J.: 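I'd like to ask some things about the structure below.
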Amino acid sequence: MDRVIVVGGGLAGVRTVEALRAKGHQGEVILVSAERHRPYDRPPLSKAVLAGDADDTTVDVDWDELRCEMLLGERATALRPGDPSGGTVVTTAGELEFDGLVIATGARPITLPGPGGRRVLRTVDDSRALRARLAPGVRLVIVGAGWIGAEVATTAARKGCEVTVVEAADAPLSGALGPEVGALTARWYDEAGVRLRTGAKVAAVEPGALLLADGERIAADEILVGVGVRPELDWLAGSGVEIDGGVVTDAAFRVTVAGALRSDIVAVGDCAAWWSKRYGRRLLVEHWDTALNAPTVAAAALLGEEGAEYDPVPYFWSEQFGRMVQYAGYHPVAERVLHRGDPDGSTWAVCWLTGDRLDAVLTVDRPRDLVQARRVMSAGTPVDPDLLADPERPVREATRR
Ligand SMILES: Cc1cc2nc3c(=O)[nH]c(=O)nc-3n(C[C@H](O)[C@H](O)[C@H](O)COP(=O)(O)OP(=O)(O)OC[C@H]3O[C@@H](n4cnc5c(N)ncnc54)[C@H](O)[C@@H]3O)c2cc1C
């Protein structure tokens, strides 16, 4: 394989470049990225960068050593996949032929109607701009009580802003965790002095106010829309690449074009809906751990390594209202929820189970539970639900051998 083009300079893109070189790829590697910045980490953008405790999150990579040409500020606009002997990426600056292609264009925030509906937080420029506007007494209205909304509310409240979070569902994090578990986090807003308005649908984001569907106006000095993301796939329109929510891939991130599996094109990171053997379905995981670890498998597949397969227990974390919140697993497959510790206390966990199978866990300031539960899930070890419910007992001691 002579020339590999990586489209997207986020974490998944850069990690794929590194993995290609680590696996001995000697040919040309070109990274095309719409952003003008070198690849950087996004999780601090709603935490340390927004708080002013950090400013630069550039990924520490020796680009010369990687022998990677970076085309920054250049956007892929179309793909002509050709056949497995080579295709073409069309960019804002011209055309690039490839022998191997990595689709790593990530995701972009969903926007809302109205002139302020595009005020989102995805890039380092977004974070710095919002940071400059957050000052004591500033009325910040955040649309969406999801991960980003909760993290920004935390940081802004600490800076002395008057924060209101408006959420269409009846509880925070409903979409991610379900209403029952999401509701357990509602009191955190109150304790932090953040006003949480649930069951409130937004009609439009106007200058200086949020207009709700029932006609109410919430006055604001600043508005942030944090209602989720969609994979960034417009440039693939008409290419024949199979898309279903994200780019459809097999367990090695190979994509299908016009019905045929392609070994020369992979998709990885927030834009990929990959086949999970563990869960028997496609997963679209928009989290850092996948962007960090999946590229090794994608690079292996592109280089034709036998047996390349990604099959982890998915993981992510969030820092909100002074708490470290961590999640591992996949709860939509679970039959029931079990509490481990008192959710009104300072540390607790929730486990999702099917019979004696642990499907997922959410931990609040209990990192050891998270690590042990992830191991239990990875190994598929059955658990004793009664023992698991006891927060005094390590998770690993709640297994049935
Ligand atoms: C504010 C914030 C906080 C987060 N916090 C956490 C956290 O605490 N925990 C966690 O697990 N995850 C967190 N995440 C999610 C995590 O950062 C993402 O899962 C990760 O960045 C995905 O990496 P990626 O490379 O797949 O995509 P991206 O980071 O989206 O990178 C894709 C890149 O491709 C570029 N691109 C898009 N289209 C084109 C095109 N047509 N041509 C060329 N380039 C293109 C984009 O501009 C972008 O630079 C957070 C995300 C954000 C935004």
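All heavy atoms count here, side chains included; hydrogens, waters and symmetry mates do not. All values derive from a computational prediction rather than experimental measurement.
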J.: Are the side chain of Asp369 and the backbone N or O of Thr363 linked by a donor-acceptor pair below 3.5 Å?
T.: no

J.: Quick one: ring pair (Phe, Tyr, Trp, His ring centres under 6.0 Å) pairs with a partner in residues 148-192, sequence neighbours left out?
T.: Tyr189-Phe321

J.: Could you tell me which residues satisfy side-chain contact (heavy atoms from CB on, under 4.5 Å) with Asp125, sequence neighbours excluded, listed by chain and number?
T.: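 Expected list: His37, Thr123, Arg128.
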
J.: With sequence neighbours excluded, give me every salt bridge (charged side-chain N to carboxylate O under 4.0 Å, His left out) pair touching residues 283-299.
T.: Asp289-Arg374

J.: Under the side-chain contact (heavy atoms from CB on, under 4.5 Å) test, which residues partner Arg38, sequence neighbours left out?
T.: Thr58, Trp63, Met70, Leu72

J.: In terms of side-chain geometry, is the basic nitrogen of Glu305 or Lys23 positioned less than 4.0 Å from the acidic oxygen of its partner?
T.: yes

J.: Which atom pair, heavy atoms only, marks the closest approach of Ala107 to Arg122?
T.: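 Taking Ala107 first and Arg122 second, the nearest heavy atoms are O-NE, 3.2 Å.
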
J.: May I ask you to check whether Trp147 and Phe316 place their ring centres under 6.0 Å from each other?
T.: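 Yes, the ring of Phe316 comes within the 6.0 Å limit of the ring of Trp147, centre to centre.
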
J.: Which residue pairs pass the side chain to side chain donor-acceptor pair (under 3.5 Å) test with at least one member in residues 69-79, sequence neighbours excluded?
T.: Glu74-Thr91

J.: State whether a side-chain donor-acceptor pair under 3.5 Å links Glu35 with Ser33.
T.: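 No, no side-chain donor-acceptor pair sits under 3.5 Å.
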
J.: Return each pair, listed once, that meets side chain to side chain donor-acceptor pair (under 3.5 Å) where at least one residue sits in residues 129-140; pairs must be two or more places apart or across chains.
T.: Asp55-Arg131, Arg133-Glu222, Arg139-Asp221

J.: Just do the side chain to side chain contact (heavy atoms under 4.5 Å, CB included) check on Leu292 and Leu11 with the steps written out, would you?
T.: CA-CA 6 Å; Leu292 180 79; Leu11 187 64; 4.0 Å; yes

J.: Under the salt bridge (charged side-chain N to carboxylate O under 4.0 Å, His left out) rule, collect the residues that match up with Asp359, sequence neighbours excluded.
T.: Arg357

J.: Under the salt bridge (charged side-chain N to carboxylate O under 4.0 Å, His left out) rule, what pairs show up with a residue in residues 77-90, not counting sequence neighbours?
T.: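 Every salt bridge (charged side-chain N to carboxylate O under 4.0 Å, His left out) pair that includes a residue of residues 77-90, provided the two are not neighbours, is Arg80-Glu95.
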
J.: Which pairs with one or both residues in residues 143-172 pass salt bridge (charged side-chain N to carboxylate O under 4.0 Å, His left out), sequence neighbours excluded?
T.: Lys47-Glu151

J.: Enumerate the side chain to side chain donor-acceptor pair (under 3.5 Å) contacts for residues 190-203, please, sequence neighbours excluded, ordered by first and then second residue.
T.: Arg187-Glu191, Glu191-Arg323, Arg197-Glu216

J.: Checking Arg217 against Leu212 for the side chain to side chain contact (heavy atoms under 4.5 Å, CB included) test, could you report, in this order, the C-alpha distance in whole Å, the side-chain angles of both residues, the deciding distance, and whether it holds?
T.: CA-CA 6 Å; Arg217 272 192 157 71; Leu212 300 186; over 6 Å; no

J.: Restricting to side-chain contact (heavy atoms from CB on, under 4.5 Å), what partner residues turn up for Val163, sequence neighbours left out?
T.: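 For Val163, the residues satisfying side-chain contact (heavy atoms from CB on, under 4.5 Å) (neighbours in sequence not counted) are Leu140, Ile142, Ala153, Ala156, Ala157, Cys161, Val165, Val194.
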
J.: Which residues pass the side-chain contact (heavy atoms from CB on, under 4.5 Å) test with Pro382, not counting sequence neighbours?
T.: Asp356, Arg400

